[in-house]
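Reviewing the structure listed below.
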Amino acid sequence: DFPILKTAEQIEEEKDRKTSGEIPYYRFSPEVAEKAIRALENMDAPSYRNLRGSIVKALGKIFAKGIVGDEGIAFDKAVQDPENAVIYVHKGKRASLVPCSEVYKLSAARSSALLAELLASTHEGYVDSLLSANGIYELLQPNLSYDKQMTSLVSAENEASISPSMGYANAGQRIVSKGEIVTAEIAQMLDSYRV
């Protein structure tokens, strides 16, 4: 028995396929949300006291989904294929696959997500001006940070997992018959036998 070795081109093609499908890892920081909600609860603005509970709940929902910075290059690469765009979100000791559509970019979280959450729970017309005047939009900060080291480590592991062979030829198995045309597959088996 002997292994049928892949050609250098086949190995390169497989490496390209694995690295082009690289999924970025992001680390989740719960401290960002805790700090923002503490700051909101310590604000003393009489104009929004009746909305404070709704604002805390809305901030909590947005932070739970996750916010990446606007300059998230790894995130932008992942979103190039919007239907299948995913990232890994590392919370504690677990990493879970999350569709990019469920994660906010900072500008979207500030410009529309917070306002939409509040308008869904309350029908006050002055919510936008209240949020702007009290600096509540600025409480939203990225709580997902790109983990380049983990992304590179997983990518290297994927590359290392590429097998140099693509099966086995059994002892006594006929590789080629006399007068048969030698195809690329047969030539690959013969080359593997010589090694």
* Asked: Rounded to the nearest 0.5 Å, what separation is found between the CG atom of Leu106 and the CD atom of Gln141?
  -> 6.0 Å
* Structure fact -> To the nearest 0.5 Å, atom CG of Leu153 lies from atom CD of Gln149 at 7.5 Å
* Check whether any side-chain N or O of Asn143 sits under 3.5 Å from a backbone N or O of Ile67 as a donor-acceptor pair, and report yes or no. => yes
* Asked: Ile23 and Thr151: side chain to side chain contact (heavy atoms under 4.5 Å, CB included), yes or no, with the steps?
  -> CA-CA 7 Å; Ile23 300 173; Thr151 303; over 6 Å; no
* Residues in side-chain contact (heavy atoms from CB on, under 4.5 Å) contact with Ser96, at least two apart in sequence or another chain -> Val98
* Sequence neighbours left out, what pairs pass salt bridge (Lys or Arg N to Asp or Glu O under 4.0 Å) with at least one residue falling in residues 131-149? => Arg27-Asp147
* Evaluate side chain to side chain contact (heavy atoms under 4.5 Å, CB included) for Gln188 paired with Leu5, printing each intermediate quantity in order. => CA-CA 7 Å; Gln188 193 169 355; Leu5 301 175; 6.0 Å; no
* Asked: Roughly how far, to the nearest 0.5 Å, is CD1 of Ile55 from CD of Glu41?
  -> 11.5 Å
* To do: Tell me, with the steps shown, if Gln173 and Met189 meet side chain to side chain contact (heavy atoms under 4.5 Å, CB included).
  => CA-CA 11 Å; Gln173 175 185 344; Met189 287 177 76; 3.8 Å; yes
* **Which residues share a side chain to side chain donor-acceptor pair (under 3.5 Å) with Glu34, sequence neighbours left out** => none
* **Residue list, ring pair (Phe, Tyr, Trp, His ring centres under 6.0 Å) with Tyr137, at least two apart or on another chain** => none
* Test side chain to side chain contact (heavy atoms under 4.5 Å, CB included) applied to Val86 and Cys100, step by step -> CA-CA 5 Å; Val86 290; Cys100 289; 5.6 Å; no
* To do: Return the set of residues passing side chain to side chain donor-acceptor pair (under 3.5 Å) with Ser107 (not counting sequence neighbours), or none when no residue passes.
  => Asp70
* Asked: By side-chain contact (heavy atoms from CB on, under 4.5 Å), which residues pair with Ala33, not counting sequence neighbours?
  -> Phe63
* Answer whether the closest heavy-atom distance between the side chains of Pro142 and Val68 falls below 4.5 Å. => no
* Give the ring-plane orientation class for Tyr88 versus Tyr25, where under 30° counts as parallel, over 60° as perpendicular and anything between as tilted. => parallel
* Asked: Residues two or more places apart in sequence or in another chain: which of them pass salt bridge (Lys or Arg N to Asp or Glu O under 4.0 Å) with Lys35?
  -> none
* Can you name the residues that form a ring pair (Phe, Tyr, Trp, His ring centres under 6.0 Å) with Phe28, not counting sequence neighbours? -> none
* **salt bridge (Lys or Arg N to Asp or Glu O under 4.0 Å): pairs with one or both residues in residues 184-193, sequence neighbours excluded** => Asp191-Arg194
Got a list of side-chain donor-acceptor pairs under 3.5 Å for residues 174-181, not counting sequence neighbours?
residue	atom	partner	partner atom	Å
Glu180	OE1	Ser177	N	2.9

* Structure fact -> Sorted by chain and residue number, the side-chain contact (heavy atoms from CB on, under 4.5 Å) partners of Lys65 (sequence neighbours excluded) come out as Tyr104
* Structure fact -> Residue set satisfying side-chain contact (heavy atoms from CB on, under 4.5 Å) with Arg94, at least two apart, ordered chain then number -> none
* CZ-OG distance between Phe2 and Ser192, expressed to the nearest 0.5 angstrom -> 6.5 Å
